[in-house]
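Here the structure comes first, spelled out in structure tokens, and everything after it is commentary.
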Amino acid sequence: MKAVCLLSGGLDSATCLAWARRQGFDVYALSFDYGQRHRIELDAATRLAEAMGAATHRVAKIDLRVFGHSALTDDIAVPKGRNEAAMSVDIPITYVPARNTIFLSFALAWAEVLEAGAIVIGVNALDYSGYPDCRPEFIEAFQKMANLATKTGVEGLALRIHTPLIHLSKADIVRLGTELGVPFGLTHSCYDPDATGRPCGQCDSCLLRAKGFAEAGVIDPAA
Ligand code: ZN
């Protein structure tokens, strides 16, 4: 069985890739060069796909800077040093408008070409991310739409969207990744690394990652 697995190069998507392999899927890893602030996560994705036995890895080039309006795709500063209360108040400025809808649409197109019955995405509804396109109801709606949208769907190949992390805390994800043998040292989570690729340690993504590793009692080899 084939699965298209969205792979950002971060901890969550790497754990999803390992989960999909453990489920017995042949994994077709998909990353996006979407105009993000840095390419370090794409290098991480390439290394992870290779190290973790993906059947193949493609990078789709799309430019979300054409709309901007996110700290990840526009000239807007990445928030630093926020506590959990501040992170959970609003949808953060690092939210990229409609990103998961766009990414899943690309994954759907590839799944149809591959005749794959599964897409795996590392969305997570906990840990203060506050992203509307990480909620279970969004994923359910997209799956329903996907099965109406494609030739393969109409012909009876049902597509399922798997979200193995959706109800897990960051610590749970670290525990699952540890159990699955994810090479954490190859993953990259920081929104705003320095020129050499070192994580800033202060953005929401760095802080949540550090908290997850600390709570799981695991040393982060990438920190
Ligand atoms: Zn950071």
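Only heavy atoms go into these numbers, but all of them, side chains included; no hydrogens, no water, no symmetry mates. Start at 1 and go down the list; that is how both ligands and their atoms are numbered. In this text, all values refer to a predicted model and were calculated from it rather than measured experimentally.
Side-chain contact check for M52 versus L186: every heavy-atom pair is 4.5 Å or farther apart.
Between the side chain of N124 and the backbone N or O of L168 there is at least one donor-acceptor pair closer than 3.5 Å.
Annotation: salt bridge (Lys or Arg N to Asp or Glu O under 4.0 Å) contacts of R39 (sequence neighbours excluded): D33. A search for ring-ring contact (aromatic ring centres under 6.0 Å, His included) contacts involving H167 returns nothing, not counting sequence neighbours. K144 is linked by a salt bridge (Lys or Arg N to Asp or Glu O under 4.0 Å) to nothing, counting only residues two or more places apart in sequence or in another chain.
Counting only protein N, O or S atoms, 4 lie closer than 2.8 Å to the Zn ion (ligand 1).
A side-chain donor-acceptor contact under 3.5 Å links R209 and T187.
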